Amino acid sequence: MNRLPLNFYQHDVLEIAPELLGRVLVRKTDNQLYRYKITEVEAYRGEEDLACHASKGRTMRTEIMYHNGGVLYIYLIYGMYWMLNVVTGLNNNPQAVLIRGIEGINGPGRVTKALNIDKSFYGENLFFSNRIWIEKNEGNSCYYTTPRIGINYAGEIWKNKPWRFVLDNI
DNA sequence: AGCAAGATCGGT
DNA sequence: CCGATCTTGCTG
């Protein structure tokens with residue numbers, strides 16, 4: 001078993017987000033096994049982060065972000081794109097990492113389209129699932145950071161946080 | 001019950 | 001730059 005253990009995810013999202021870069025996202029369907037390196041992520045951190053959905057408080061949608069890390073937070077945006085997020089941190093500490101890009105596929109909407117991920121993955125456990133997980137991978141991940149994409153509504157403080165992490169191919 | 005907006009993308 | 005498309009959370 002080469003999967004990342006659950007306690008890997010149960011630390012602060014700002015620590016985990018860059019750690020996910022270069023790891024292998026595996027998706028298994030009846031007739032396919034997809035393996036992609038994670039190349040781009042964003043961190044969403046706590047109720048005070050106005051860009052994080054948890055800033056609206058604990059609702060049916062954000063419920064899973066309040067759980068222990070290692071499960072998936074999935075939601076639909078703009079009526080057509082599923083967003084794939086990995087919940088991190090501990091109970092009652094809502095945070096998640098948005099997977100924005102994998103090898104050869106850029107854009108969070110394209111990631112879920114390529115891997116056939118939808119609402120049915122909400123709450124999926126990355127250690128116990130038989131259809132999606134993340135594997136360990138040796139590797140120094142060089143990366144750079146930028147502000148997060150598409151969150152201009154979040155106000156000066158939060159929209160400028162350098163919480164987008166992009167793998168650097170040197 | 002109704003409405004505005006959104007962690008996007010592809011086509012003009 | 002604009003339209004597609006629908007869930008969510010807020011307002012009344």
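Computed from a predicted model, the values in this text were never measured in an experiment. Letters A, B, ... mirror the listed sequences (proteins, then strands); counts begin at 1.
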- request: Determine the Euclidean distance between corresponding P atoms of B:dG2 and C:dT5; express it in Å to zero decimal places.
  value: 22 Å

- prompt: Looking at A:Phe121, does the NZ or CZ of A:Arg131 lie under 6.0 angstrom from its six-membered ring centre and within 45 degrees of the ring axis?
  reply: yes

field: Residues from residues 93-112 of chain A lying under 4.0 Å of DNA chain B - heavy atoms
entry: A:Leu98, A:Arg100, A:Gly107, A:Pro108, A:Gly109, A:Arg110

- prompt: Quick one: do the A:Glu42 and A:Tyr44 side chains pair a donor with an acceptor below 3.5 Å?
  reply: yes

field: Residue-level proximity of residues 69-78 of chain A to DNA chain C when a heavy atom falls under 4.0 Å
entry: A:Leu76, A:Tyr78

- request: Answer yes or no: is there a donor N or O on one side and an acceptor on the other, between the side chain of A:Thr39 and the main chain of A:Gly101, under 3.5 Å?
  value: yes

Counterpart residues, ring pair (Phe, Tyr, Trp, His ring centres under 6.0 Å), relative to A:Phe165 (two or more places apart): A:Tyr143

field: Check ion pair A:Glu40-A:Arg164 (N to O, under 4.0 angstrom)
entry: yes

task: Decide, yes or no, whether a salt bridge links A:Asp12 with A:Arg45 under the criterion of side-chain N to carboxylate O below 4.0 Å.
output: yes

Side-chain donor or acceptor of A:Tyr9 paired with backbone N/O of A:Leu4 under 3.5 Å: no

field: Positional range of nucleotides in DNA chain B within the contact set of chain A, heavy-atom, under 4.0 Å
entry: B:dG6 to B:dG10

query: Would you say A:Glu63's side chain and A:Arg58's backbone share a donor-acceptor pair under 3.5 angstrom?
result: no

Positions of residues 51-66 of chain A (non-hydrogen atom under 4.0 Å from DNA chain B), listed by number: A:Ala51, A:His53

message: Mind checking if A:Lys119 touches a base, just sugar-phosphate, or nothing, with heavy atoms under 4.0 Å?
response: sugar-phosphate

Heavy-atom donor-acceptor pair, A:Thr112 side chain to A:Gly109 backbone, under 3.5 Å: yes

field: Pairing annotation in dot-bracket form, given for DNA chain B with Watson-Crick or G-U pairs under 3.5 Å and | for cross-strand partners
entry: ||||||.||||.

- request: Starting from the 5' end of DNA chain B, give me the residue, A:Ile149 or A:Lys113, whose nearest nucleotide shows up first.
  value: A:Ile149

- request: Report yes or no: does A:Asn68 contribute a side-chain atom to a donor-acceptor pair with the main-chain N or O of A:Asn91 at less than 3.5 Å?
  value: yes

- request: Give a yes or no on this: more than 12 heavy atoms of other residues, nucleotides or ligands lie within 6.0 Å of atom NZ of A:Lys28.
  value: no

- request: Output, in order, the C-alpha distance, side-chain angles, deciding distance and verdict of side chain to side chain contact (heavy atoms under 4.5 Å, CB included) for A:Leu72 and A:Ile132.
  value: CA-CA 10 Å; A:Leu72 296 181; A:Ile132 188 168; 4.0 Å; yes

A:Phe128 backbone acceptor or donor facing A:Asn125 side chain under 3.5 Å: yes

task: Determine yes or no for a side-chain-to-main-chain donor-acceptor pair under 3.5 angstrom, with A:Arg27 supplying the side chain and A:Asn116 the backbone.
output: yes

query: Any side-chain donor-acceptor pair under 3.5 Å between A:Thr88 and A:Gln95?
result: yes

